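Read the structure below first, then the notes.
From a predicted model like this one, the values you see are computed outputs, not experimental measurements. For ligands, and for the atoms within them, numbers begin at 1 and follow the listed sequence. Counting from 1, the numbers follow the sequence of the chain as shown.
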Amino acid sequence: MNIKISTIVAFFLVSLLHAQNPLVTHMFTADPTARVFDGKLYLYPSHDIVPKEGVKAPRFCMPDYHMFSLEKGSTWKDHGVILDQNEVPWGKKDSNGMWAPDCIKKGDTYYYYYPAQPEDGSSFRRIGVGTSKSPTGPFKWEKNYIKGLDGIDPGLLLDDDEKAYLYFAGDKTLKVAKLKDNMKSIDGKAIKIQGIPAGYVEGPFPFKYNGKYYLTFAHVFTDEGYTIGYATGDNPMGPFVYQGKIMDNIGNGTNHHSVVKYNGKWILFYHWWDISGFNKLRSMRADYMEFKKDGTIKKVKPTLRGIGAPTIGEKIQVDRYNHIKNAKTAFVGGNEPIGWMVCDTQMMSSVTFNNVDFGDGSATKMIARVSSGQRIGHFEVRIGDPKGKLIADFPVKYTGGWNSWETIETPMLEKVTGMQNIIVVFISEWGADKIVNLNWLQFQ
Ligand code: FUB
């Protein structure tokens, strides 16, 4: 396996749930299905792990499901394991094949759909369902898989008339089945969706926009590899018409994803392997997505900055920037829990970080996590641009070396309210060509 397991294990000693992209760094998460229930954003991903000593994993090693909710502006809460492979009533034990799930709400019930390897050997994967009165579970798992569904990657659509459709991938074909009102069995047979181009692989995700049905999916081109493509149609059962790519190939190996509207903005959730360097140990990410006037979708470019809007008391991971000038980012070292930092800062280096939520302006101080191997300099936090309003000024001193980290604080110089873009500007004194390493900022 082309990974440094020791690095990965060290990384998991800490839980950095304030990260921007990737969204969660204390464990590997893939295939993120995002859902908004009663105004709150939830994520139902799958879970990649490093196979235990002696375990021969089938391609991916995926033993269970966690789920997450977005708390405050950028903190993802891990609700722990909601289904373990050995609790699947009809599943083959220890088969490590808990691939991409989905969850939807109908009435006051949440329905969680997941693929797993069946004990009876009737198929590569079957799709099961569980119900709960809460989006975070616990779910009551149905004793049997849903008859007539033979494949992976369930993606659910609840139409305006309350009819539900389950899309899935079987033999590199995109299929759909209408669900009965009980949501636990299919109404008629699953059919192949017409109009999906050759190269379709997996991961169908359905949603509706301006009365049209949209289907997004993993689409492979021989000269490019995996992309995220989409098609639109006037009927949930098809036919659909291919419209193009939402994301070019980003070398991610697979690109299971989902699309959701949250707080008035459309977001694409997808995965990559920022932390592990290995495409079977993935990490979920999110970036904003936009529609053009004609209903087509603008291509999404993956960013480090992602979507979170950190607020009072949350960490602002400045290394997940919108823009960086004359500085770099790297993994931290020394006495610091594993994470990323802004480093190699020089005179007038800067990092811009958009969408920080200062709320009602009650913050009185700013905190920074820094290391420095030189004795004098400072860095300023300003609003908007390098000449914008100065809101905090941090003196830099020797912390014991570039690998020796300290938390420092300084009073806020101005009252700041609402959503703001901030810029950190580094200033050298006595000509030092490296000023300070900065891990995160926080205001309180
Ligand atoms: O995560 C396992 C499988 O890889 C998913 O079910 C596919 O969509 C692909 O992401």
> What atoms of ligand 1 come closer than 4.0 angstrom to any heavy atom of H256?
Replying inline: 7 (C), 8 (O), 10 (O)
> Taking only heavy atoms of H271, which atoms of ligand 1 are found under 4.0 Å from at least one of them?
Replying inline: 10 (O)
> Judged by modelled atom types alone, do E406 and T399 share a side-chain donor-acceptor pair under 3.5 Å?
Replying inline: no
> Does a donor on one side chain sit under 3.5 Å from an acceptor on the other, for N86 and D94?
Replying inline: yes
To which protein heavy atom is [atom] closest, and what is the distance rounded to 0.1 Å?
atom                    : value
atom 10 (O) of ligand 1 : D31 OD1, 2.7 Å
atom 6 (O) of ligand 1  : D153 OD1, 2.5 Å
atom 4 (O) of ligand 1  : R282 NH1, 3.4 Å

>> One pair to check against ring pair (Phe, Tyr, Trp, His ring centres under 6.0 Å): F353 and Y321. What are the steps and the verdict?
In response: CA-CA 5 Å; F353 190 101; Y321 51 78; 9.2 Å; no
> Counting heavy atoms only, which of E202, K280, R59 is nearest atom 9 (C) of ligand 1?
Replying inline: E202
> According to the interplanar angle, ranging from 0 to 90°, do the rings of F124 and W99 count as parallel (below 30°), tilted (30 to 60°) or perpendicular (above 60°)?
Replying inline: perpendicular
>> Side chain, backbone, both or neither: which applies to A100 and ligand 1 if a contact is any heavy-atom pair less than 4.0 Å apart?
In response: both
> Quick check: does any side chain N or O of S123 sit under 3.5 Å from a backbone N or O of R126, one acting as donor and the other as acceptor?
Replying inline: no
>> Is the terminal nitrogen or CZ of K434 (NZ for Lys, CZ for Arg) located under 6.0 angstrom from the six-membered ring centre of W402 and within 45° of that ring's axis?
In response: yes
